[in-house]
There are 2 protein chains.
Amino acid sequence: MTAKNIDKSTEEKIITAARKVFTEKGYAATRTRDIAEVAGINLALLNYYFRSKEKLFDLIMMENLHQFMAVVKEIVNDQNTSLDKKLESIAANYIDLLTEQPNLPLFILTEMRHHPQKLVMNMDVKKTLQGSALMKQLAIAAKEGKGVAQHPLHLIMNLMGMIIFPFIASPILLAIGDINDNEFKQLMLERKKLIPIWIKAILKTS
Amino acid sequence: MTAKNIDKSTEEKIITAARKVFTEKGYAATRTRDIAEVAGINLALLNYYFRSKEKLFDLIMMENLHQFMAVVKEIVNDQNTSLDKKLESIAANYIDLLTEQPNLPLFILTEMRHHPQKLVMNMDVKKTLQGSALMKQLAIAAKEGKGVAQHPLHLIMNLMGMIIFPFIASPILLAIGDINDNEFKQLMLERKKLIPIWIKAILKTS
DNA sequence: GTCTATATTCTGATAGAC
DNA sequence: GTCTATCAGAATATAGAC
C-alpha cells in the first residue's frame with residue numbers, strides 16, 4: 001500500500017491499482033493478484049467489488065479510451081481557432097498527457113487489436129472527427145498547397161505518428177540516442193513546438 | 001492444418017504456427033495449445049521439439065527482431081547512396097515489409113517493453129545506427145537547413161513514426177477514414193513516395 | 001467489508017503406449 | 001516421432017468465518 005492509498009476508499013484503491021497494472025502490462029499479462037497486492041488489499045475483495053477480472057478491465061479500458069479521446073474532442077470542433085492553433089493544441093496536450101502516462105498508447109493499440117469487440121471507440125473517434133472543423137480546415141490547407149491534395153488520412157497519420165510513436169518506442173530511442181529519461185522528456189518538450197511547424201511544412205508540399 | 005503445412009517438417013510446422021500466433025497475440029495471451037492446433041499437431045509434440053513455451057517464444061522473438069532490423073541494416077551503412085536514396089529505400093522497404101507483416105511492430109514494441117531482459121536488440125540497433133553513413137548524412141542535412149539544427153533523434157522519430165504508426169493504428173484509421181483494407185494498402189503505397197519528400201521538407205525547417 | 005481457506009478452471013509440461 | 005492421458009502449478013473466483 002503506497003502513500004497514495006491513504007484516504008482512499010477500498011474501491012478507489014482497487015481502481016487505482018488496476019489502472020496502473022493493466023495499463024502497464026495489458027490484460028493477458030496481468031494477474032488479479034498483482035492488482036490486489038498493489039492496492040494493498042486481499043484478492044477476495046477485488047472480486048467482491050468488481051465480480052471479475054474482465055469487468056474491472058472493461059472499466060479501465062473505458063477510462064483510458066476516454067482520457068485519450070478527451071484531448072482531441074475539445075479541440076477538434078472549435079470553430080473559433082485557426083488550423084495552426086489546433087495543431088499546436090493537439091501536439092501540446094497529447095505530449096503533456098503522454099509524458100504523464102507513457103503507457104497509454106501501447107495499451108490502447110494493443111488491447112484494441114486483441115479485443116475488437118470492446119471497440120466502442122471506433123464510432124466515437126469517427127463521430128468526433130468526421131465533418132469536424134479540423135477536417136474542413138485540413139482540406140482547405142491541402143488545397144492551398146502546391147498541387148495535388150493528399151488524402152486527409154495522411155495528415156492524421158503524420159500528426160499522430162509524430163506525437164505518439166516516440167512514446168511507444170521510447171526504450172529503443174533511449175538506447176539509440178544514448179539519452180536518459182530527462183533528456184527524452186526535453187526532446188518531447190521541443191516537439192510540442194516543432195511538430196506543428198513540421199506539419200505545416202508537409203502541407204505545403206502537397 | 002492449412003495447405004501451407006503440406007511438405008513441411010513437423011518442426012517447421014510448429015515454427016510457422018508459433019510465428020503466427022505469438023506475433024498476433026503476444027507472449028502472455030498465447031497458449032501453447034493454440035500453436036499446436038494451428039500447426040495441426042499435438043501439444044505434446046511442441047514440448048518434444050522445443051522443451052518450453054518460452055524457448056519457442058525466444059526463437060520467434062529473435063526471428064522477428066532480425067527481420068525488422070534487416071531492412072535498415074543493409075541501407076544505413078551504404079557509403080555510395082545519397083541521403084535521398086536512403087530515405088526512399090527505408091520507407092519503401094519498411095512499408096513493403098509491414099504490408100506483409102502488419103503485426104510486427106506492435107509485437108516488437110510490446111514484448112520489448114514487457115521483457116527488457118530479452119533485449120539483445122538495443123545494442124544491435126545502437127551499433128547499426130551510431131556513426132553510420134545515414135547519421136552523418138542527416139547531421140549534414142540538418143546543418144544545411146535554415147538555422148538551428150535539431151537533435152538527430154527527431155528525424156528518426158519522424159521517419160519511423162510516419163512509416164510504422166499507420167500499421168500500428170490501422171484499425172482506428174480504417175474507421176476514421178471509412179476505408180477498407182485495400183484502400184489502406186493503397187495509401188501505404190502512396191506513402192512510399194511521400195514520406196521521403198515530407199522528411200526533406202522537415203529537414204529544411206530546421 | 002475484509003479476511004482465510006478452498007473450489008474450479010486453465011495451462012504448461014510430462015509419462016508412457018504405440 | 002507422434003499420440004492419449006494425466007500431472008502439477010497457476011490463476012480466477014467463491015464460501016464462509018469474523
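A, B, ... follow the sequence lines: proteins, then strands. Residue 1 opens every chain.
As judged by a 4.0 angstrom heavy-atom cut-off over every strand, B:L43 is placed among the base-contacting residues. Residue contacts shown for A:R51 are limited to sugar-phosphate atoms, with no base heavy atom under 4.0 Å away.
One interatomic measurement links the two molecules: CZ of A:R31 to P of D:dA11, which rounds to 4 Å at whole-angstrom precision. Taking atom CG of residue B:L46 and atom P of nucleotide C:dT11, one finds them 15 Å apart after rounding to whole Å. If you take CD1 of B:I14 and P of D:dG1, they are 11 Å apart, rounded to a whole angstrom. Residue A:E12 contributes atom CD, which lies 13 Å from atom P of C:dG1 at whole-angstrom precision. Protein atom OH of B:Y27 is 13 Å distant from nucleotide atom P of C:dT11, rounded to whole Å. With rounding to whole Å, B:E37 atom CD is found 13 Å from C:dT11 atom P. Summarising the geometry, the separation between CD on B:E54 and C1' on C:dT11 is reported as 15 Å, rounded to the nearest angstrom. Whole-Å rounding puts the A:K53 NZ to D:dA11 P distance at 9 Å.
Side-chain rings of A:Y27 and A:H115 approach one another, their centers coming within less than 6.0 Å. In summary, the aromatic rings of A:F57 and A:F22 are positioned with their centroids under 6.0 Å apart.
Contact annotation: B:N47 reaches the phosphate of C:dA13 (side-chain N/O to OP1 or OP2, under 4.0 Å). A close approach under 4.0 Å does not occur between any side-chain nitrogen or oxygen of A:Y48 and OP1 or OP2 of D:dT14. OP1 or OP2 of C:dT11 has not a single side-chain nitrogen or oxygen of B:R33 nearer than 4.0 Å. Phosphate proximity of D:dG1 to B:T10: absent, as no side-chain N or O sits under 4.0 Å from OP1 or OP2.
If you check D:dT4, C:dA13, C:dT2 against the side chain of A:L45, the one that comes closest is C:dT2. Considering only the side chain of A:T32, D:dA13 comes nearest among C:dA15, D:dA13, D:dT2. The listed nucleotides are C:dT4, D:dC3, C:dA13; the one nearest the side chain of B:N42 is D:dC3.
B:K25 and B:T30 are not linked by any side-chain donor-acceptor pair at a separation below 3.5 angstrom, with hydrogens and angles left out of the test. Between the side chains of A:N64 and A:E111, no donor N or O sits under 3.5 Å from an acceptor N or O. Side-chain atoms of A:E190 and B:H151 include no donor-acceptor pair closer than 3.5 Å.
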